[in-house]
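Note sheet for the following structure.
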Amino acid sequence: MGRIEKAFASAKKPAFIGFTVAGDPDKTTCIRIARALIAGGTDILELGVPFSDPVADGQTIQKADERALAAGTTPDTVFEIVTEIRKESDVPIVFLTYYNIVYRRGIERFYREAKDAGVDGILIADLPVEESEEVCEVAALCGIDPVFLITQTTSDERIKKIAEKARGFLYLVAVLGVTGVRDQVSDGAIDLLNRVRKHTGLPLALGFGISTPAHARTCTRAGAEGVIVGSAIVEIVEKNLGKPVSMERDLRTYVSQMKKDL
Amino acid sequence: MTTQGRYGKYGGQYVSETLMSALIELEDAYSRVYKDPQFTRNLTDLYTEYAGRETPLTFCPNASRELGCKIYLKREDLVHGGSHKLNNTLGQALLAKQMGKKRLIAETGAGQHGVATAIVGAALGIPVEVYMGEVDTRRQALNVFRMELMGAKVIPVKSGTRTLKDAINEALRDWVANVRNTYYLIGSVVGPHPYPLMVRDFQSVIGREAKAQVMKKEGRLPDAVVACVGGGSNAIGIFHPFLADDVELIGVEAGGEGIETGKHSATLCTGDTGVLHGTLSYLLQDEHGQVLPTHSISAGLDYPGVGPEHAMLRDKHRVTYTAVNDPEVLDAFRFLSKTEGIIPALESAHAVAYVMQNAERFDKDDIVIINLSGRGDKDVAEVAGMIEKC
């Protein structure tokens with residue numbers, strides 16, 4: 001059983017999945033951010049591998065990608081960050097990236113290096129299931145879970161196709177739109193959760209636009225096995241740039257508050 | 001998807017999950033109208049009565065004398081709006097209307113595609129919003145005014161490099177958020193399938209006309225057809241009907257300040273394969289897959305990617321892709337203005353510059369067709385400023 005599956009199977013409560021951009025604002029600070037997220041109780045750590053043109057992301061994460069790239073972050077840096085985290089934690093780690101980063105390095109090389117560093121799952125935001133055959137084969141060979149997005153516009157037929165290919169968990173997109181903090185969780189998100197549930201036994205996690213304990217509660221009461229928080233975490237990082245001590249404190253506090261109410 | 005939407009290994013649909021349903025809907029709608037004679041009639045009618053097609057294939061006696069071969073210009077500069085872009089926007093807007101979409105969004109670089117979208121929005125009664133890099137809104141202020149005059153809303157894009165690439169990023173983000181009622185009207189043969197196919201089909205009217213016209217005037221096919229390549233829509237439009245013929249096809253990219261300086265947009269000349277904006281093609285990128293900033297004297301060619309069909313034609317050596325630099329383009333801009341009284345768009349001046357640079361390759365009786373994809377009025381202020389600086 002992989003780390004992701006184990007995390008969901010053994011959890012008594014829904015999982016808190018925390019996202020940060022690898023290398024934001026630099027390698028050393030990013031490792032401290034990851035530590036703080038884990039110390040606050042993050043069940044699964046999601047790391048964005050930065051890309052120059054992150055079309056699925058809103059402003060907050062775009063800016064974080066730009067900071068990471070300006071600091072010289074490359075896939076090598078990202079693998080080094082994972083290696084460092086793995087020295088002290090067994091928390092499942094999932095990459096979220098864009099296809100050109102993987103394609104450029106070579107799919108096999110990227111997945112093998114990711115596995116060696118200790119990555120458990122990879123989600124490629126611009127790789128729909130129809131284009132994913134080669135990636136899924138390589139992922140299976142390397143023992144990495146291919147994680148996929150399902151959105152409110154995904155048809156039942158395609159949900160079935162995606163659920164067959166996906167491993168670990170399914171990432172349900174709670175909004176029509178890009179990543180970023182929103183006021184509330186839409187009814188559409190809950191409808192989506194119920195619709196996907198009919199087709200799969202995989203754990204379902206809701207993300208995009210989730211930032212408060214109330215949002216998280218809405219999701220988990222509707223039956224989500226996990227919530228994913230990205231932009232709200234990155235906003236804390238952004239607000240505390242140059243102040244690593246308060247950054248770590250704020251991140252720990254935020255995650256533990258979110259966790260308490262799950 | 002196996003063969004659908006692929007040009008050799010290039011093309012495909014590399015988009016966020018949210019957009020897949022929209023692309024499937026679009027493929028379906030397009031495959032229906034493609035075979036619908038009524039749609040074709042409506043479009044042909046708009047081409048003739050509204051856009052001013054067919055456009056002339058103008059013989060240029062003075063330029064021919066100077067360059068030592070028979071120069072013909074395919075006059076897309078005379079299409080309503082001032083460039084070939086309307087061929088595509090009319091087609092896609094008709095399709096959007098048929099699909100019941102209530103809003104058009106578009107990206108624009110030089111502003112020509114934005115203007116062409118604003119035109120169809122006004123003509124067909126569909127609200128239009130155009131994303132334009134902040135840098136380009138300044139370079140092409142006149143086109144911003146034209147778009148607004150025709151009722152379009154222009155949204156300056158302040159992220160990334162603030163040029164065409166980032167305008168496409170923002171348009172894609174908008175589309176993801178408003179996918180149910182919004183039609184994304186892409187302006188070139190880029191983006192996910194079916195865009196490269198649709199845009200090529202709509203632009204192929206250029207090559208079909210040119211082929212019939214040259215046969216009528218000269219009784220034979222041309223020796224060479226030359227077009228500039230940014231995303232590649234005017235080039236594929238004129239090349240496509242000649243692909244099976246014994247005609248040399250030359251695509252001219254923006255060499256900017258020179259390939260060796262790194263400040264250029266010559267994707268097919270220097271790029272490697274990669275994925276941007278939903279398609280696998282050639283791409284200007286660094287060793288880690290980050291997309292590189294580009295440069296060109298012409299905003300319309302300032303794009304790090306290129307249409308996937310061009311990528312295939314490059315690999316098959318069916319089309320020769322080359323590049324000319326900014327100073328040569330300025331020379332060509334002045335040359336055509338002076339010799340023929342035709343001010344070319346800086347984009348199209350790249351094709352003219354190639355023929356000037358390679359005039360010795362052609363014999364006196366060789367027929368060379370240059371696709372004059374747009375008129376240069378939009379560029380005169382910018383060029384005046386550059387000439388002053390020289």
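Here the structure is a predicted model, which is why all the values come from computation and not from measurement. In the text below, chain A, chain B and the rest are named by the order of the sequence lines, each starting its count at 1.
- Interface remark: Q285(B) contributes backbone and side-chain atoms alike to the contact with chain A (heavy atom separation under 4.5 Å).
- With contacts defined as side-chain heavy-atom distances shorter than 4.5 Å, the pair H215(A)/V227(A) does not qualify.
- When heavy atoms are compared at a cutoff of 4.5 Å, D174(B) does not approach chain A at all.
- Only the side chain of L280(B) comes within contact range of chain A, judged by heavy atoms closer than 4.5 Å.
- Contact annotation for T154(A): both backbone and side-chain heavy atoms come within less than 4.5 Å of a heavy atom of chain B.
- Between the side chain of R162(B) and the backbone N or O of K158(B), at least one donor-acceptor pair lies under 3.5 Å.
- In this structure, chain A has a heavy atom under 4.5 Å from the side chain of V179(B), while its backbone stays farther away.
- For chain A, the nearby part of L283(B) is the side chain; its heavy atoms alone come within less than 4.5 Å.
- With a 4.5 angstrom heavy-atom cutoff, I150(A) touches chain B only via backbone atoms.
- Here the side chains of S281(B) and V306(B) are in contact, with some heavy-atom distance below 4.5 Å.
- Only the backbone of D57(A) has a heavy atom closer than 4.5 Å to any heavy atom of chain B.
- In the displayed structure, K165(A) atom NZ is contacted under 6.0 Å by more than 12 heavy atoms of other residues, nucleotides or ligands.
- For F51(A), the parts lying near chain B are the backbone and the side chain together; criterion is any non-hydrogen pair under 4.5 Å.
- The most heavy-atom pairs under 4.5 Å with chain B, out of S132(A), A56(A), P54(A), come from P54(A).
- Taking the centre of each ring, F95(A) and Y111(A) stay at or above the 6.0 Å mark.
- Remark: side-chain polar atoms of Q92(B) are paired, donor with acceptor, to backbone N or O of I186(B) under 3.5 angstrom.
- Contacts of P50(A) with chain B are made by backbone atoms alone, with heavy-atom separations under 4.5 Å and no side-chain atom involved.
- The only member of Y195(B), Y303(B), Y14(B) that meets side-chain hydrogen bond (donor to acceptor under 3.5 Å, both in side chains) when paired with H277(B) is Y303(B).
- Counting heavy-atom pairs under 4.5 Å between each of Q59(A), Q152(A), R104(A), Q62(A) and chain B puts R104(A) at the top.
- Under the 4.5 Å side-chain criterion, counting only non-hydrogen atoms from C-beta, V234(A) is in contact with R67(A).
- Neither the backbone nor the side chain of E133(A) comes within contact range of chain B, judged by heavy atoms closer than 4.5 Å.
- Not one N or O on the side chain of S16(B) forms a donor-acceptor pair closer than 3.5 Å with the backbone of T18(B).
- If you measure heavy-atom distances from T161(B) to chain A, you find no contacts under 4.5 Å at all.
- Interface check for chain B: of the options R158(A), E66(A), R105(A), the most heavy-atom pairs under 4.5 Å are formed by R158(A).
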